Amino acid sequence: MGCAVTAVVQAGRVTAPGRATAHQAVDVRPRVRRLGLRKPVPLAAGSGVVLLLAVWTAGSATGLIDPRVLSAPWTVVTTGVDLAVDGRLVENLAVSLGRAAQGLAWGVLAGVTLALLSGLSRLGEALLDGPIQVKRAVPNLALLPLLILWFGIGEEMKVVTIALGVFIPIYIHTHNGLRSIDKRYVELAETLRLDRRRFVTRVVLPGALPGFLLGLRFAVTGSLLALVVVEQVNGTAGIGYMMELARTYGQTEVIVVGLVVYGVLGYTADQAVRLLQRRALTWRRTLED
Amino acid sequence: MAAHAGGLSTTAAAVVVRDLVRSYGTGAGVLDGLDLEIAAGEFVAILGRSGSGKSTLLRALAGLDHDVRGSGRVEVPRNVSVVFQDSRLLPWARVLDNVVLGHEAPPARAREAGRAALAEVGLAGRERAWPNELSGGEQQRVSLARSLARSPELLLADEPFGALDALTRLRMHDLLRDLLRRHHPSVLMVTHDVDEAIVLADRVVVLDAGRIALERRTPARDGSRPTADPGPHRTLRAELLEALGPDTDPARKDTL
Ligand SMILES: Nc1ncnc2c1ncn2[C@@H]1O[C@H](COP(=O)(O)OP(=O)(O)OP(=O)(O)O)[C@@H](O)[C@H]1O
Ligand SMILES: [Mg+2]
């Protein structure tokens, strides 16, 4: 009985306010399981980081995190402000950024040049690819003693070490990118009688750009990684040096400031490259879009 | 001008192919002593069963078969342009940049020629579009514009309209005829469509067993359209279908 009554009421609800439904445009579609991604949610990109910060803050506020192990976020902020005000942070940051940028620039140049040489000629491939793969198998850290012997403990060694770490991902991904350029475009270039220079600039480089940009993402974070390592070696300036100094004085909060700075640097750099990726690859229609 | 009655014209051959042999791997020759001449301004269509070597011949003329074994003589004009079955536009270059890619003229002049060519194929105003944003037929028109912008002496086309629907195809035929009237290059076009061959070409050749098995002039197209008088058209059609063989694979029956 009761059921029947509700059914009637519901049926009445559906039919009675006919005008309300008349205003809505009909939108009946076949159901297809969506395999691509949904539209990006605005501002969602930062939510993971915000969550992490919230956990850290909550842990410190409730005393779950011992300040000797990990300083509270507000201590880090005030220390950061102090360091910024007395100029140490900015000075060291400038030195670190300069190193990373120099290493990155040389590494990218070397990586792209080598990828072109070994990607576009059989001779280049025979001569270059082997040694580069060997270098790739040797961790950068293991090379450090040798690099110190060759270049001393100054700036040169630091930039070279960063560049060595950077050029590998650039080389690998650019090489892979240009080798996977569709053969049909090469044929097109041949029938259009492109000279080698135009073939490289119009077909090879744009075609390898997605690969290169992926390599660049690895390279940018890699350069910061290498930065951390080289700055702990007899530095006289730089974020790593600042942290090393703090360690000897037991200043946990300065170390954390350094870590945060590294993190922010890495994150910002990666976001910048991703932005570059989106700008440079507007012609692509992929899962991302 | 190319409407000599029957046989090969001896005047001003734009393309000369003599005793052409091409084979992949160790197999028997795909092309086996093929001879072909195309006069300046003449439109030749190639028919042939799937796998009969039409694309192989075209690639030989385009000089794209670097690693294919073979012998023979191939003489083509200096300025050759190829239209592929896929429009083959660089996805990372805008339409106009695609059209002027590799153009010999200085950039400003090349872009002017490119714009004019795009207007000719009815795509004025789409210069800055990405190839991905165009429909299949529009992409193929861009690729035609790219070929025409460099005023080729020889146009090679491998099933240029194969991927298009029937209506778009007819529009493209009109467009192509119109363009050829103005630019008059020699044309060698591969097609699976006998009617397309008859309607467009001055001469139709059938490729079989690595050689040209049959060649026929199409009914005169100057003045009287072949469609106006279906008689000779139908005879030629029957003859070509016969040459293509009764065992033509069923997948292609519908296009014939
Ligand atoms: N790159 C290649 N390697 C080996 N064999 C090939 C290659 N390209 C073509 N062939 C063979 O050569 C023969 C002729 O091929 P071709 O592409 O010229 O045929 P076609 O007449 O263009 O056929 P379709 O009408 O299907 O396009 C076929 O038997 C094919 O299998
Ligand atoms: Mg083919």
Side-chain angles (χ1 to χ4, degrees), chain A residues 36 112 115-116 119-123 125 173-174 176-216 273-289, chain B residues 55 58-68 76-105 107 110 114 128-134 139 142-143 145-150 152-158 160 188:
Chain A
V112 171
L116 283 176
L120 294 178
S121 97
R122 292 287 174 201
L123 180 67
E125 182 181 27
H173 290 280
T174 310
N176 179 45
L178 74 87
R179 276 293 167 93
S180 33
I181 290 174
D182 201 324
K183 185 91 199 285
R184 297 175 311 136
Y185 298 135
V186 182
E187 280 183 356
L188 174 72
E190 288 177 353
T191 64
L192 293 178
R193 303 279 150 85
L194 294 196
D195 51 32
R196 197 151 267 273
R197 186 179 61 81
R198 277 211 241 181
F199 173 58
V200 169
T201 56
R202 299 298 171 80
V203 180
V204 174
L205 288 179
L209 190 60
F212 166 77
L213 287 172
L214 180 61
L216 190 59
V273 178
R274 292 184 72 169
L275 185 71
L276 186 68
Q277 243 173 352
R278 273 199 295 280
R279 284 283 161 77
L281 304 179
T282 40
W283 52 269
R284 282 208 306 188
R285 300 182 62 193
T286 56
L287 191 65
E288 171 95 29
D289 316 308
Chain B
S55 298
L58 213 78
R59 294 171 61 82
L61 290 182
L64 286 176
D65 55 350
H66 309 289
D67 294 328
V68 183
V76 294
R78 200 183 60 83
N79 196 348
V80 179
S81 191
V82 182
V83 180
F84 299 90
Q85 176 167 11
D86 59 310
S87 55
R88 212 161 288 201
L89 303 173
L90 298 177
W92 49 79
R94 292 181 189 274
V95 163
L96 183 58
D97 294 323
N98 261 295
V99 172
V100 302
L101 181 65
H103 201 290
E104 285 171 345
R128 288 195 49 77
W130 296 109
N132 269 338
E133 298 169 350
L134 301 181
Q139 291 179 13
V142 174
S143 115
R146 176 177 58 199
S147 280
L148 293 170
R150 55 209 75 219
E153 294 153 88
L154 173 63
L155 190 68
L156 299 170
D158 195 347
L188 184 65

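Predicted model, so just to flag it, every value in this text is computed and none were measured. Below, read A as the first sequence line, B as the second, and so on, with proteins coming before strands; counting in each chain starts at 1. Atoms considered below: every heavy atom in the structure, side chains included; atoms not considered: hydrogens, waters and symmetry mates.
- Annotation: the span from A/Thr191 atom OG1 to B/Arg59 atom CZ amounts to 10.5 Å, rounded to 0.5 Å.
- For chain A, the nearby part of B/Asp86 is the side chain; its heavy atoms alone come within less than 4.5 Å.
- With respect to chain B, the highest number of heavy-atom pairs below 4.5 Å among A/Arg198, A/Glu187, A/Arg202 belongs to A/Glu187.
- Looking at B/Leu156, there are no atoms closer than 4.5 Å to chain A (heavy atoms on both sides), in backbone or side chain.
- In this structure, A/Tyr185 OH and B/Leu90 CG are separated by 7.0 Å, a value rounded to the nearest 0.5 Å.
- Residues A/Leu188 and B/Phe84 come closest through the heavy atom pair CD1-CE1, 4.1 Å.
- Only the side chain of A/Arg193 comes within contact range of chain B, judged by heavy atoms closer than 4.5 Å.
- Contact detail for A/Pro206 and B/Trp92: the closest heavy-atom pair is CB-CD1, 3.1 Å.
- For the set B/Glu104, B/Arg94, B/Arg150, the entry with the most heavy-atom pairs within less than 4.5 Å of chain A is B/Arg150.
- In this structure, chain A has a heavy atom under 4.5 Å from the side chain of B/Arg146, while its backbone stays farther away.
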